[in-house]
Asker: 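One structure, as structure tokens, below. Some questions next.
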Amino acid sequence: MSTKTVIKKVNEHVEQTVTIGAWINNKRSSGKIQFLQLRDGTGYIQGVVVKSEVSEELWNDAKSLTQESSLYVTGIIREEPRSKSGYEMTVTGIEIIHLTENYPITPKEHGTDFLMDHRHLWLRSNRQRAVMVIRAEIIRAVQEFFNDNGFTKVDPPILTPSAAEDSTELFHIKYFDEDAYLTQSGQLYMEAAAMALGKVYSFGPTFRAEKSKTRRHLIEFWMIEPEMAFTDHEESLRVQEQFVSYVVQSVLKNCRTELETLERDISKLENIQAPFPRISYDEAIEFLKGKDFDIPWGNDFGAPHETAIAEAYDKPVFITNYPKDIKAFYMKPDPERPEVVLCADMIAPEGYGEIIGGSQRIDDPELMKQRFEEHNLTEEAYKWYLDLRTYGSVPHSGFGLGLERTVAWICGLDHVRETIAFPRMLYRLYP
């Protein structure tokens with residue numbers, strides 16, 4: 001009798017006979033021995049078929065197996081120090097489920113467009129599986145951090161009647177007889193939730209109709225957006241660095257094999273421990289001028305600027321106190337210097353750009369009304385948001401972390417298109 005199990009748990013069945021549902025990742029032969037590289041989604045193991053130890057039928061079945069054929073494979077689990085997993089299977093039985101013919105993704109080199117057109121199959125590769133496992137671990141760690149620190153998860157709407165920031169980047173739709181938009185951020189709604197629950201976070205999809213084709217941009221991506229009542233900007237920065245440190249260390253602890261598959265330099269991640277360095281926007285401008293960038297005070301930073309700043313540090317770095325005119329309407333001005341706001345962007349090391357944007361929010365209803373006028377926002381559309389300041393206003397702060405950029409950084413990927421199972425980009429809606 002065999003026990004049904006998965007590859008991830010074969011360590012529990014050494015010298016026992018087990019059955020695993022698997023696919024053929026690869027196969028090679030040395031005459032009288034066939035080596036089946038098996039995968040089942042939880043991991044990889046080598047199945048060894050020895051001609052002298054099996055029936056002719058089983059031997060021929062093994063010979064017939066092709067890349068991505070599916071089967072139930074039965075065998076004895078052995079310890080094998082030369083294997084990456086430390087184990088292999090001596091095969092004693094094969095039940096073929098489906099023989100695959102002409103699998104389109106072969107070990108040869110394929111172009112990016114070809115691989116993206118076959119994304120539904122490309123996901124089966126060792127590398128793409130590793131990215132998806134690390135993404136899942138990041139999500140698990142995110143939820144664990146906030147759950148353990150007294151945050152309540154709240155789900156903001158995906159369909160919204162107004163913009164959180166720049167309305168030119170919104171996807172417009174008709175909501176019966178009204179205009180509506182796909183959300184670009186859940187933040188405004190999370191502020192309302194924080195006034196009810198104290199500390200909250202959301203985790204959901206967001207959409208930007210930005211016609212950008214850079215390696216850092218997706219049209220549809222996932223955001224983690226915490227909001228905290230009775231919390232000032234300084235307290236929020238401490239939460240942010242503790243949060244990011246926790247996530248990185250969780251990946252290091254639980255995804256070593258996947259990081260090795262990606263050939264990630266683990267030493268660079270091991271250094272990600274709070275506290276993180278900080279520089280002001282003013283200091284960043286002076287630093288960039290020293291690096292021969294022609295950037296006047298009052299301009300926002302682009303990818304080359306962020307990369308130059310990040311190269312000076314081996315941890316994420318906060319850039320604080322940006323000019324009011326280049327930031328969102330809801331950010332609280334610095335009381336000692338009203339032309340800048342109490343905000344920060346967290347820039348990831350190694351050129352991965354901004355992964356967090358956050359600020360202390362305006363809590364004065366009169367100042368918020370003034371911001372509405374400056375940004376041409378109608379009080380009719382935003383009355384509910386003003387109500388948060390009218391009825392029991394408190395100091396509050398929050399931030400948003402982009403999941404895909406964070407996955408790209410932790411995995412060491414060149415492009416965010418590999419960070420999500422089915423990326424939506426400027427010219428890609430298939431598959």
Side-chain angles (χ1 to χ4, degrees), residues 23 25-26 39 41-44 67-68 84 103-142 203-208 210-224 244 247-248 250-252 254-266 268-269 272 303 306-307 310 316 347-356 401-431:
W23 294 270
N25 195 54
N26 207 343
R39 67 169 188 88
T42 74
Y44 300 85
Q67 184 184 0
E68 289 304 318
K84 272 191 176 182
Y103 186 68
I105 300 178
T106 62
K108 71 174 185 179
E109 285 290 322
H110 293 285
T112 300
D113 283 342
F114 177 89
L115 291 171
M116 292 305 297
D117 285 342
H118 293 83
R119 181 65 174 165
H120 50 295
L121 302 178
W122 190 26
L123 281 174
R124 302 181 185 188
S125 71
N126 299 14
R127 176 183 171 86
Q128 299 308 311
R129 176 196 171 273
V131 174
M132 291 301 106
V133 169
I134 291 171
R135 178 188 172 103
E137 173 59 24
I138 291 171
I139 291 170
R140 189 204 62 78
V142 165
F203 196 158
T206 54
F207 308 84
R208 300 282 172 97
E210 181 181 356
K211 292 189 174 180
S212 175
K213 293 195 294 182
T214 80
R215 66 188 183 93
R216 297 179 178 180
H217 284 85
L218 292 171
I219 301 300
E220 174 187 303
F221 56 100
W222 288 67
M223 288 282 288
I224 298 99
V244 170
V247 169
V248 172
S250 291
V251 172
L252 281 170
N254 298 315
C255 297
R256 284 282 175 150
T257 300
E258 287 75 21
L259 290 168
E260 289 170 7
T261 296
L262 298 172
E263 299 180 339
R264 182 63 164 116
D265 184 346
I266 290 173
K268 292 185 177 180
L269 298 178
I272 309 302
E306 291 177 348
T307 298
I347 310 302
E350 304 174 71
Y352 285 92
E354 178 194 339
I355 54 171
I356 286 183
L401 176 138
L403 176 61
E404 283 72 23
R405 284 192 188 179
T406 304
V407 174
W409 162 47
I410 292 176
C411 290
L413 305 176
D414 291 333
H415 200 294
V416 291
R417 64 183 161 228
E418 292 184 59
T419 63
I420 189 168
F422 297 99
R424 296 294 174 247
M425 298 180 291
L426 183 55
Y427 298 116
R428 181 163 295 281
L429 195 58
Y430 176 92

Asker: Once rounded to the nearest 0.5 Å, what's the spacing between atom CZ of F207 and atom CD of E220?
Answerer: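 If I round to the nearest 0.5 Å, the distance is 4.5 Å.
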Asker: What do the steps show when you test E404 against R135 for salt bridge (charged side-chain N to carboxylate O under 4.0 Å, His left out), and what is the final call?
Answerer: CA-CA 8 Å; E404 283 72 23; R135 178 188 172 103; 2.9 Å; yes
Asker: Tell me, please, which residues at least two apart from R428 pass salt bridge (charged side-chain N to carboxylate O under 4.0 Å, His left out).
Answerer: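 For R428 the salt bridge (charged side-chain N to carboxylate O under 4.0 Å, His left out) partners, ignoring immediate neighbours, are D117.
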Asker: Among residues at least two apart in sequence or on other chains, which ones pass salt bridge (charged side-chain N to carboxylate O under 4.0 Å, His left out) with K268?
Answerer: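 So K268 forms a salt bridge (charged side-chain N to carboxylate O under 4.0 Å, His left out) with E350.
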Asker: Where do R140 and E137 come nearest, in terms of heavy atoms and distance?
Answerer: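 Answer, listing the atom of R140 first, then E137: NH2-OE2, 2.8 Å.
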Asker: Applying side-chain contact (heavy atoms from CB on, under 4.5 Å) between M425 and each of M116, K213, H217, report the one that passes.
Answerer: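 The single option meeting the side-chain contact (heavy atoms from CB on, under 4.5 Å) with M425 is M116.
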Asker: Got a sec, which residues hit ring pair (Phe, Tyr, Trp, His ring centres under 6.0 Å) with F114, two or more places apart in sequence or on another chain?
Answerer: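 F114: ring pair (Phe, Tyr, Trp, His ring centres under 6.0 Å) contacts with H110, H118.
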Asker: Hey, are the side chains of R39 and N126 touching, using non-hydrogen atoms and a 4.5 Å cut-off?
Answerer: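 Answer no - side chains too far apart.
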Asker: Which pair of heavy atoms, one from L123 and one from M132, lies closest together, and at what distance?
Answerer: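 Smallest interatomic distance, heavy atoms only, reads CD2-CG, 4.1 Å.
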Asker: If I take atom CZ from residue R208 and atom CG from residue L218, how far apart are they, to the nearest 0.5 angstrom?
Answerer: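 Interatomic distance, R208 CZ to L218 CG, rounded to 0.5 Å: 12.0 Å.
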Asker: Is there a side-chain contact between P104 and L121 in this structure, where contact means two heavy atoms from C-beta onward sitting under 4.5 Å apart?
Answerer: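 Side chain of P104 against side chain of L121, heavy atoms only: contact under 4.5 Å found.
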Asker: Ignoring hydrogens and geometry, is there a side-chain-to-backbone donor-acceptor pair from T261 to R127 under 3.5 Å?
Answerer: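 Checking the backbone N and O of R127 against the side chain of T261, no donor-acceptor pair under 3.5 Å is found.
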Asker: Out of curiosity, E68 CD to Y103 OH, how far, rounded to the nearest 0.5 Å?
Answerer: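 Interatomic distance, E68 CD to Y103 OH, rounded to 0.5 Å: 4.5 Å.
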Asker: The criterion is salt bridge (charged side-chain N to carboxylate O under 4.0 Å, His left out); which residues satisfy it with R216, sequence neighbours excluded?
Answerer: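 Only E306 meet the salt bridge (charged side-chain N to carboxylate O under 4.0 Å, His left out) criterion with R216.
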Asker: Taking E258 first and then R129, would you say they form a salt bridge - that is, a charged N and a carboxylate O separated by under 4.0 Å?
Answerer: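 R129 and E258: salt-bridged.
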Asker: Under a 4.5 Å cut-off applied to non-hydrogen side-chain atoms, are V407 and W222 in contact?
Answerer: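 Answer no - side chains too far apart.
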Asker: Starting at CG of N254, measure out to CG of L259 and round the result to the nearest 0.5 Å.
Answerer: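 The CG atom of N254 sits 10.5 Å away from the CG atom of L259.
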Asker: A310 and P349: which non-hydrogen atoms are nearest, and at how many Å?
Answerer: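 Here A310 and P349 meet closest at CB-CA, 4.2 Å.
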Asker: Which value, rounded to the nearest 0.5 Å, describes the distance between L413 atom CG and R264 atom CZ?
Answerer: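 Reported value, rounded in 0.5 Å steps: 8.5 Å.
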Asker: I'd like to know if E418 pairs up with R119 as an ion pair, taking the criterion as any Lys NZ or Arg NE/NH1/NH2 lying under 4.0 Å from an Asp or Glu carboxylate oxygen.
Answerer: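 Looking at R119 together with E418, the answer is no, because their closest N to O distance does not fall below 4.0 Å.
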Asker: Is the closest side-chain heavy-atom distance between C255 and V133 below 4.5 Å?
Answerer: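 C255 reaches V133 side chain to side chain.
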Asker: Within the 4.5 Å heavy-atom criterion, are F203 and L403 side-chain neighbours or not?
Answerer: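 The answer is yes, as the side chains (C-beta and beyond) meet within the 4.5 Å cut-off.
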Asker: To the nearest 0.5 angstrom, please state how far the OH atom of Y352 sits from the CD1 atom of I410.
Answerer: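 Going from OH on Y352 over to CD1 on I410, the span is 11.0 Å.
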Asker: Listed by chain and number, what are the ring pair (Phe, Tyr, Trp, His ring centres under 6.0 Å) partners of H415, not counting sequence neighbours?
Answerer: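 Per chain and number, H415 pairs via ring pair (Phe, Tyr, Trp, His ring centres under 6.0 Å) with no residue.
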Asker: Can you see which heavy atom on R215 is nearest to which on G351, and at what distance?
Answerer: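 Answer, listing the atom of R215 first, then G351: NH2-O, 3.0 Å.
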Asker: So do L401 and V244 actually touch side chain to side chain, heavy atoms under 4.5 Å?
Answerer: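 Yes; the side chains approach each other to less than 4.5 Å.
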Asker: Using distance alone, with no hydrogens and no angle criterion, decide if N25 and Y44 have a side-chain donor and acceptor under 3.5 Å apart.
Answerer: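 No pair is found: no donor N or O on one side chain lies under 3.5 Å from an acceptor on the other.
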Asker: Would you indicate whether the side-chain heavy atoms of F221 and I420 approach each other to under 4.5 Å?
Answerer: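 Not touching, per the 4.5 Å side-chain cut-off.
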Asker: Going by salt bridge (charged side-chain N to carboxylate O under 4.0 Å, His left out), name the residues that satisfy it together with E354, two or more places apart in sequence or in a different chain.
Answerer: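 E354 satisfies salt bridge (charged side-chain N to carboxylate O under 4.0 Å, His left out) with no other residue.
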